[in-house]
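Report on one structure; see the data block that follows.
First listed ligand is number 1; within each ligand, the first listed atom is number 1.
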Amino acid sequence: MRHEWAVVGGGIAGIVLTEILAREGHSVVLIEQGDKLAGDTTGLFHEWIHTGCLYTLAPNHLHTLKFLLGAVDDLLEYYGAFERMNVVPTETGLRLEDGPGWFSPNYIHFKYRLRRANLPWLMVMSRSMYLIELIKDHDWLRRRAGKLYEVSVSEQLGAALSRVRGITSSRERFLDVETSDFTTNSRLLLRDLVATALHNHAELSLANPVLRIEHRDNHKAVVTEKGTINVDRVAICTGKNIPQFMNVKIKTTIAPIAVVRGLHANTESFVELDYVTKNCINLLTKPDGVGLIGGISVDGEEAAAKYLEYVIEQHQKRTPGIEVVGRYNGLKTEITFRNQDRNYLYHIVPTEPDIWAVVPGKFTLGFSLAVEFYRRVYHRNPRKVFDTVTDSGEASEFVSETLWHDIVNNVVRSPT
Ligand SMILES: Cc1cc2nc3c(=O)[nH]c(=O)nc-3n(C[C@H](O)[C@H](O)[C@H](O)COP(=O)(O)OP(=O)(O)OC[C@H]3O[C@@H](n4cnc5c(N)ncnc54)[C@H](O)[C@@H]3O)c2cc1C
């Protein structure tokens, strides 16, 4: 049998692409080398949903921030048919509905280290605080089109300057702001997407590494360990393994993480932000006193190990009772062009006729990524109303647990 599409790699990128193609009635097979989906980077991330707050600190003309606002817009618009998609747009920010849903009101606090004599840092942090207020107040009903899309540089500078005096008069070491960023119950979300894709006739091929892709006269032959699958088109979503199939430049950096236990039930998720980037640390809380601690991405394993030691030491000072129960390194992957730095965005790159390389840059961007992929290939929007399924357990057979969950529960993973 010949499929229209092969999607290679079952992380967030492969899962969202498969779902959106199946939703539109295309025949699609998702091929994953592991025995479950979402077990690689998509199984070890923080589960932080970015609404742009972190990128109020980036000197890139709000470019990444606006992409993230667009990602939330696409989530609201194209995923609203899912019963457990519990983000509700209002004219003053996002509201999370109660109950077991894809997202949790585990709002992430930013703690800016106060360096009173450092004017550039004071300006950066006060601009960031001003922009976060705008994000929290953003009109998701779009009647005002969103102030953030039009805020000028001079307005940002003016607002930042007017706040500096207030900030420096604080006696605190850190200034604490609750942001509009929250967390995801990623396994619920992924299982609903997989269950819906299967319901809409997608096929799944697990424990089946793709070895190569061959060009035949009028189709592509996806050669896997279990045999050859003939398709019209291929999306390569294999993260750090993309160069195995095509000549695109991939940049990877290491993000080290430790899993900790023993947090108080009321501990909040936070990021400490500082002018000196390597001082930045974060904590993302999970149920039952578990947390993920980490911070920045670095180059090389040695630097990652050294940085993680620092992170653990800092957290143990702040919360003396915590116990480290596991450590791992995650790889952040991005396709780069002409030696650009990481820009934390998704990339959809047509590398050869009917073959695309796809990298999400962030889990949060997955929703926009799928919608935009569909637009680029078919030149129209995917549908918003379609048959969805709330996973009632069947898809958990296909979707892995998060790595932190397995570490805390002493689950031994089979090597892939
Ligand atoms: C430590 C860390 C923390 C992060 N935290 C966040 C966060 O909190 N919020 C956020 O929005 N983003 C976060 N990110 C980014 C986000 O996790 C990634 O952008 C995203 O998960 C990448 O998804 P992916 O589908 O491209 O890759 P992956 O999840 O790595 O999926 C690629 C899949 O391809 C499969 N594969 C590879 N080769 C083959 C082959 N030959 N044949 C078949 N299958 C193959 C792999 O087994 C894997 O399942 C984080 C990243 C890291 C590293």
Closer than 4.0 Å to some heavy atom of [X] - which atoms of ligand 1 meet that?
X: A255; result: 1 (C)
X: L331; result: 53 (C)
X: C237; result: 32 (C), 33 (C), 34 (O)
X: I257; result: 1 (C)
X: P209; result: 42 (N)
X: A13; result: 25 (O)
X: F245; result: 41 (N)

Given [options], identify the one with the heavy atom nearest to [atom].
atom: atom 3 (C) of ligand 1; options: Q244, E334, H46, E225; value: H46
atom: atom 12 (N) of ligand 1; options: F363, Y346, W48; value: F363
atom: atom 29 (O) of ligand 1; options: L369, T42, T253; value: T42
atom: atom 37 (C) of ligand 1; options: L30, N241, V222; value: N241
atom: atom 18 (C) of ligand 1; options: T364, T238, T41, V8; value: T41

Review point. Rounded to the nearest 0.5 Å, how far apart are OG1 of T51 and CD1 of I108?
Key: 8.5 Å
Exercise for review: Give, for atom CD of E24 and atom CD of E19, the distance between the pair rounded to the nearest 0.5 Å.
Suggested key: 9.5 Å
What do you reckon, does [X] have a nitrogen or oxygen under 3.5 Å from a nitrogen or oxygen of ligand 1?
X: G14; answer: no
X: Q33; answer: yes
X: K362; answer: yes

**Study point:** Closest contact, heavy atoms only, P256 versus Y307
**Key:** CG-CD2, 3.8 Å
Review point. Run the side chain to side chain donor-acceptor pair (under 3.5 Å) check on W102 and N185 step by step: do they pass?
Key: CA-CA 5 Å; W102 287 3; N185 303 310; over 6 Å; no
**Study point:** Geometric class of the W121/Y112 ring pair [parallel <30°, tilted 30-60°, perpendicular >60°]
**Key:** tilted
Review point. Where does the angle between the aromatic ring planes of F367 and F103 fall among parallel (under 30°), tilted (30 to 60°) and perpendicular (over 60°)?
Key: perpendicular
Check your understanding: Strictly under 4.0 Å, does any heavy atom of P360 approach an atom of ligand 1?
Key -> yes
**Study point:** Proximity flag V359 to ligand 1, non-hydrogen atoms under 4.0 Å
**Key:** no
Review point. Are K111 and F270 in a cation-pi contact, defined as NZ or CZ under 6.0 Å from the six-membered ring centre and within 45° of the axis?
Key: yes
Study note, to complete from the structure: Paired with F386, the ring pair (Phe, Tyr, Trp, His ring centres under 6.0 Å) test is passed by just one of F82, Y78, Y79, namely F82
**Study point:** Donor-acceptor side-chain pairing of H219 and D232 below 3.5 angstrom
**Key:** no
Review point. Can you find a heavy atom in the side chain of H315 that is under 4.5 Å from one in the side chain of V260?
Key: no
Practice item. Examine F373 together with Y346 and report whether their ring centres are nearer than 6.0 Å. Key: no
